[in-house]
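Report on the following structure.
Chain naming here is simple, since letters A, B, ... match the order of the sequence lines and numbering starts at 1 in each.
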Amino acid sequence: MQQATGAGVSAPDAPLVALTDARVHFGAVRALDGVSLTISPGECLGLIGHNGAGKSTAVNVINGGLTPTGGQVRYLLADGRDGSGLADAQACGIRSVFQELSLCPNLTVLESLRVIHRDLTGIGWRKVAQGRIAKALAEIFPGHQIEPGMTVGELTLAERQMVEIAAGFSDGRMPARLVILDEPTSSLDAAIARQLLSHINTFCAKGGAVIFISHMLGEVFDVATRIDVMKDGRIIASKPTSEFTQQGLIDAMGHVAAEKSAARAPGSAKTELGEEILKTPEGLSARKGEIVGLAGLAGHGQAEALARFYMSRSGKLGQVKQPEVAFVAGDRGRDGVMPIWSILRNLTLTHLPSLTNRGLVDRDGERRLAADWRSRIGIRTDNMDNLILSLSGGNQQKVLFARALASSAPIVVMDDPMRGVDVGTKQEAYQLIRNEAAGGRSFLWYSTETEEVCQCDRVFVFRNGRISAELTGDNINEENILAASFEMQGVGT
Amino acid sequence: MNGKYRILLPVLSLAFLLAAVFYLQPRAMSYFGLNLLFNLAVPIALATIAQMMIMMVNDIDLSIGTFVSFVACVTATFLHDTPVLGVAILLAAILAYAGLGALIHIRQLPAIVVTLGMSFVWGGLAVLLLPSPGGTAPVWIRSLMTVKPPLVPMAVVACVLIAGISHFLIMRSSTGTLLRAVGGNAQAVARSGWSVAKLKAGAYALAGFFGVLSGVCLVGLTTSADANIALRYTLLSIAGVILGGGEFTGGKISPVGAVIGALTLALAGSFLSFMRLSPDWQIGAQGAILILVLAVRLLFSRRNRKWKEAAQNG
Amino acid sequence: MDKSFVLKLTDLPRRPWFWAFAASVLAFGATTYLTDGRGGAGLLSAALTFAAFSAIVGLGQMFVITLGPGNVDLSIPATMTLAATLALKFMHGETALVLPGLGVALLVGLGAGGFNYALIRLLRIPPIIATLSASFLYQSLAIWSNRGLRIKPPEVLADFTTGSFFGIPNMTLIGLLIAVLSWIVLERSIFGRWVSAFGQNTRAARLSGVPVEVVRAVTYISSAVLASLTGYFLASFSGGAALNMGAEYLLISIAVVVIGGSSIAGGNSNVPGIWGGALLMFLIVSMLNSYGLGAGVRLIMTGTIIIGIVAAASGKGRAV
Amino acid sequence: TTDKRIALSNNYAGNSWRQAMLESWEKVGSKAVSDGIVAAADAFTTSENQATEQAAQIQNMILQGYDAIVINAASPTALNGAVKEACDAGIIVVSFDGIVTEPCAWRIAVDFKEMGRQQVEYLASRLPDGGNLLEIRGLAGVFVDDEIHAGIEQGVSENASFKIVGSVHGDWAQDVSQKAVAGILPSLPEIVGVVTQGGDGYGAAQAIKAAGRDVPVIVMGNRQDEMKWWAEARDADGYETLSLSIAPGVGTLAFWVAQQIFDGAEVPKDLTVPFLKVTQDTLDETLEATPEGSVANVEYSQADAKAVISDAN
Ligand SMILES: Nc1ncnc2c1ncn2[C@@H]1O[C@H](COP(=O)(O)OP(=O)(O)OP(=O)(O)O)[C@@H](O)[C@H]1O
Ligand SMILES: Nc1ncnc2c1ncn2[C@@H]1O[C@H](COP(=O)(O)OP(=O)(O)OP(=O)(O)O)[C@@H](O)[C@H]1O
Ligand SMILES: [Mg+2]
Ligand SMILES: [Mg+2]
């Protein structure tokens, strides 16, 4: 049953997977916009790109979980035939380690393998599973502390990631031939990441193939034989690693530098800033009328810092007419949208106490407020009574903006609010924020896009849950931000 | 709550109650006494396991009590008079359960409402079968439930068997693992290419199966059935699963804990009766015991969380 | 004919409360068909009276269910019994004490709701089990306080609850009044917005400034207060409080909410539907009794109708 | 028998009849204990009206070492398993009201069927022309409900001029019967009589009054509120009816029978007690003797028990 890992069955040149002109659209979002790539045994493909460039979507298309709306995916099966679809992908030996953890927290480590390996049945399956996962863990992460009997929910984030990676490389009825790793090192510390990288090298040397996605450019350089750079659903550069320099990569990824001076309206930084109105234990601070940016890679504690601050400043006993802070959510489904409400109701929620007379909502006032914001911010709908979900993502986001800005809160907290917002709207929103700031409001603005962060008066860069740099004035530039967010030697500063 | 310690609290509660009962009524500390204390807990334990199967996939079953009553009526009538037809009806009932599971998943219906509706349906069928209490337990089940094994009384043997078998089925077997995975992260299961609808149907079928066992055992103990005989099993079974360390979501369940939870509830009744409380307060005391045990659970999970946070920061 | 009127008419079946009322009309028609239309007025008046009790407890349950999955109040019957017992005992048949008696009932509701909330909030007990355990305590209190004796309500109160005003039963008027108030609270007031927001997305509600814990507390307390109010009136209506008087209202309160088209997934309440569901629950039983069908068939039909309405109302399916 | 301990196993406490039963037991039992006739007479009630719970309760009583268990059973057959275990442990089991069929137990039975039959018989004597009847039944699926119903059917078949035109389940609860009657009334033709199972007559009267119909002859069930209503109606317009039910004090008879068995008396397994009948003539005195909100009652003495036993022998 157990075969050697990564046995190269087919000729080295025949690609395991071939993607031709694959397209995936989620509504108006073009997550993949005509991507073609192949990967052959022995190759390690590094895939990089900004947040939302379409990397994870490409992974889902390659492993068969997502059927592209256009284009083709073909797998070379072990017996030489061509195939497509989830079952063939599995039969071809394609394994994925997803970006969001996809283990079941209630299972043990060895049981988790059962969900992925269909052949684990019958008497003694636990022994087999235990053997497979223990072997893989020992091989990839020598010296690890994980017992196969531990419950996943009790492992640390890093340990869970290690389990997923090990499961991806573990033996099975069909040995792993292509392992896709979507940001596998984001929660691993440097030493363990190093173990993984060297395992990838051995795996590829033995004829296995790997797709490696990471924001840690140093790692990608270490491990990839070829690097593809994605941007807005397309591959904009694809060369052997040796032909890239790190600076060249950043140039390829970054797209702000040229527009920066133009985007930054003259005088915006010169607004007279008032007294300091907030200071948090972790070191965030802001003055009246200041736009404070939070930067760094996704998931390094910015959102948590914002939520903590918001919770500490907003009342529990009643919704007040003059709230201290208002919140603009970025993860709309989780933090913002009331899915069964109309646009109108979604828009007025935070400002509602001021529209209420003896407990009853002043519906005409509500309508006036909504109509006012609709024209101010350009919500594209013919009727504010339509369901919020009938709007495109960008327009939904505008509604959430309006919800916060309509209130009189002196501080507005924004948790990556520009997700899925088109360029034109973004410009409008930037203008709006600048105007509000000029009017004396302060903004705490977390963004995954450097372009936006560069518009701020002051920037805090986060790494591993802590502030790693505070930039002001001319120090706010892409190089400095990247340098402070990436753990990278020799780049930037 | 920590998986390893999940079982600790139910075991402690049961041990504590058992000690109290033995103290109040030393006679209970015998072969005969243990059997009397626990034999009626056997069908409750089975119903609790059935409820656990549903809670394992993040649903809840409000019809298990009337379902067990229905099964009891079938057992005391058809299974006794025409065994083949009786078995066929019970099999059909299990299939109906499986169908409900699939329906709930595919049509995205709220399980709580569908099972509420089903509770009326099973209750109606039971009343149609037995308008007045009666029927006779099949001889084989009667003798099975009154068998006197050496050393350990039947009730204890049965509970250990139920706990053991369901533990094996759910916690050890490969299929059980998949079923629990549905409760833990249905999306991940679907992403690996499994049909969640089929798995849910399987979980519901298991619930139906244990519900059938519960009804059959109940009739074996009581010798006859009536249409209202097990109505309170619905709430008892939910409470049993929770007392046993299970949770409403996340596939976090423990079959051994569920059996112990059921035994704890049964024992709580005996304990209150040995306490000679005034009849006025006998009902309220049951509520108080439930609240007490669940409040202790909170202390456990709080402490656990603190400890974990400290460990992570340190 | 007016075009917009036609449009509204074809839109009706999409209203969540439509099915409950349509089924009620069918059941009513089927019952009166049996007598060639005689007794229609009597049936309607009876239906309006008895549906009022189910509607009032149903409204309370609806507030709770609107909070989202896992929220349900199982202590309604016990709260009804306790409130009725204590209030009737306190009034002891004296006319002068009718209003103070009402006060006693409402206080019981406040206490029970507050206790339920405390169990859920402070001890973090899941609402189902918290309200169940609490209901045992309330039952014991009711038994202890009165030992099951039936105390007559004051004459005025009994006459009021069984009487009518211009042909409309007084209880119906009260039930409608409470329904209208609930409708105003849910549809027009800020609190209704909060409840709905809580039920749709608690996290987003909190982040939009909604005081979520206040909302939850007030909701559980309202449910208990409405239950105790129903207990007070029902006991006066039927000639005294009995220990088993609330029993059938547990399932009814949930069924009425569900049949009425409120979403069990939370956030979406539906006041007219509550009345539709309450009428339907009464009329179905009357219809089946009138046709001489037994208890078994009656139960099966009730269950089938609940599942049928829920399946019809939920449009969304999912590929296998 | 001074060292004997007797327990009462009761399955339900949620209505006035049961509360009166518990009170009679308490009164007679504690007197017997203080007189030194028995050592203990404890009462136990289950929290829910369920046979399974009562079976567990009986098993606990076995463990507690009672010498006799007096049972008012939730089900005639579902407790047989537990009762057999008690008998096997040498315990005297006496059942009353809700009796058990297990042969080793004694039964103090009320002929429920006869109770149903007599209702129709009484109506026949009052209304020689017969007419339409409404039947209010108890809780579906329960033994007593089925027995009384069978008696009523028998009575109707003996008196062909009567016809049952409607039947509802009132669950033995005032508010439920009121609701059920109100729902079926509009579709019914004129009704001359209502046959009931006790505890629901007042609710029926309320519903019929609310529907604006003439109140027919409603057979009552000895509840104080029913009898009070009856007395008022009688004073107002000469309303006449009959009320019958089993007396809650039968529990005390069972107590004495158990004591007699200890005493070595030869007691046949099946004893019958007459049910308590209130007629137009005895209405006032019964009403006077019944506490407000309770049920007409008779308590039995040791002498009564001896008389019942010797009658049966
Ligand atoms: N299920 C979905 N529904 C709607 N939009 C989606 C969905 N999945 C992805 N998207 C959108 O498609 C785009 C590409 O997303 P994808 O997850 O592939 O990006 P990514 O390159 O992996 O980003 P990151 O570096 O943040 O992981 C994004 O704009 C995202 O919002
Ligand atoms: N960090 C957070 N980010 C986003 N939403 C949150 C966060 N913390 C809490 N919430 C949401 O807000 C709701 C109420 O939060 P709140 O701060 O009032 O917590 P709490 O339950 O009162 O906690 P405590 O135990 O501290 O009293 C929660 O149910 C949760 O959905
Ligand atoms: Mg991604
Ligand atoms: Mg908090």
Side-chain angles (χ1 to χ4, degrees), chain B residues 21 24-25 27-28 30 32-33 35-41 43-44 69 72-73 76 123-124 126-127 130-137 142 145-146 218-233 266 269-274 276-280 282-287, chain D residues 7-10 12-14 18-19 22 25-26 40 42-65 73-86 88-89 98 100-102 137 139-147 149-150 169:
Chain B
V21 163
L24 287 173
Q25 192 49 262
R27 244 184 284 216
S30 63
F32 179 65
N35 199 35
L36 284 181
L37 273 185
F38 286 126
N39 66 4
L40 278 161
I44 301 181
S69 305
C73 290
V127 170
L130 272 186
S132 165
T136 317
R142 178 74 190 139
M145 294 311 288
T146 50
L218 181 56
V219 172
L221 286 169
T222 59
T223 71
S224 76
D226 75 60
N228 304 317
I229 195 163
L231 296 190
R232 64 192 210 105
Y233 281 16
S270 304
F271 171 71
L272 294 175
S273 132
F274 294 149
R276 302 268 207 89
L277 283 177
S278 127
D280 294 356
Q282 283 172 7
I283 304 175
Q286 288 213 354
Chain D
L8 169 67
S9 161
N10 173 37
Y12 185 55
R18 292 293 173 121
Q19 291 291 345
L22 288 170
W25 174 277
E26 167 69 26
D42 302 326
F44 295 89
T45 301
T46 56
S47 56
E48 273 161 285
N49 182 10
Q50 294 262 303
T52 46
E53 225 183 327
Q54 194 173 15
Q57 187 191 50
I58 293 171
Q59 295 184 342
N60 288 334
M61 290 173 174
I62 302 174
L63 274 180
Q64 280 165 289
S75 159
T77 50
L79 297 180
N80 284 353
V83 170
K84 185 82 179 46
E85 282 172 73
D88 291 348
V100 295
T101 55
E102 170 59 46
R137 301 185 56 169
L139 202 59
V142 178
F143 160 75
V144 178
D145 167 61
D146 226 48
E147 284 286 293
H149 173 68
H169 280 272

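- Scanning both residues, D:Gly81 and B:Thr223, for their nearest heavy atoms gives N-CG2, 4.1 Å.
- Counting heavy atoms from C-beta outward, B:Val127 and D:His169 have side chains that stay 4.5 Å or more apart.
- The two residues B:Pro131 and D:Asp146 make their nearest non-hydrogen contact at O-OD1, 4.1 Å.
- For chain D, the option among B:Arg276, B:Arg232, B:Arg27, B:Gln25 with the highest count of heavy-atom pairs below 4.5 Å is B:Arg232.
- Of the atoms belonging to B:Phe274, heavy atoms from both backbone and side chain fall under 4.5 Å from chain D.
- With rounding to the nearest 0.5 Å, the separation of CG in B:Asn35 from CG in D:Leu63 is 10.0 Å.
- If you measure heavy-atom distances from B:Ile229 to chain D, the contacts under 4.5 Å come from both the backbone and the side chain.
- To the nearest 0.5 angstrom, D:Gln59 atom CD is 8.5 Å from B:Ser270 atom OG.
- Taken from CD in D:Gln64 to CG in B:Leu24, the straight-line distance is 9.0 Å, to the nearest 0.5 Å.
- Note: D:Asp42 leads D:Asp42, D:Ile58, D:Thr101, D:Leu79 in heavy-atom pairs under 4.5 Å with chain B.
- Taking chain D as the reference chain and counting heavy-atom pairs below 4.5 Å, the highest number among B:Val21, B:Leu36, B:Leu218 is found for B:Leu36.
- Note: D:Glu53 leads D:His149, D:Glu85, D:Glu53 in heavy-atom pairs under 4.5 Å with chain B.
- Contact between B:Asn228 and D:Gln50 at its shortest, heavy atoms only, is O-NE2, 2.9 Å.
- Contact annotation for D:Asn10: neither backbone nor side-chain heavy atoms come within less than 4.5 Å of a heavy atom of chain B.
- Remark: D:Thr46 OG1 to B:Gln286 CD distance equals 9.5 Å, nearest 0.5 Å.
- Across D:Ala78 and B:Ser224, no two heavy atoms sit closer than the pair N-OG, 3.3 Å.
- Neither the backbone nor the side chain of B:Ala285 comes within contact range of chain D; no heavy atoms are under 4.5 Å apart.
- Taking every heavy atom of both residues into account, D:Ala56 and B:Leu40 meet most closely at N-CD1, 3.1 Å.
- Between chain B and the residues D:Thr52, D:Asn80, D:Val144, D:Leu139, the largest count of heavy-atom pairs under 4.5 Å involves D:Thr52.
- In terms of heavy atoms, B:Phe32 sits closest to D:Ala89 at CZ-CB, 4.3 Å.
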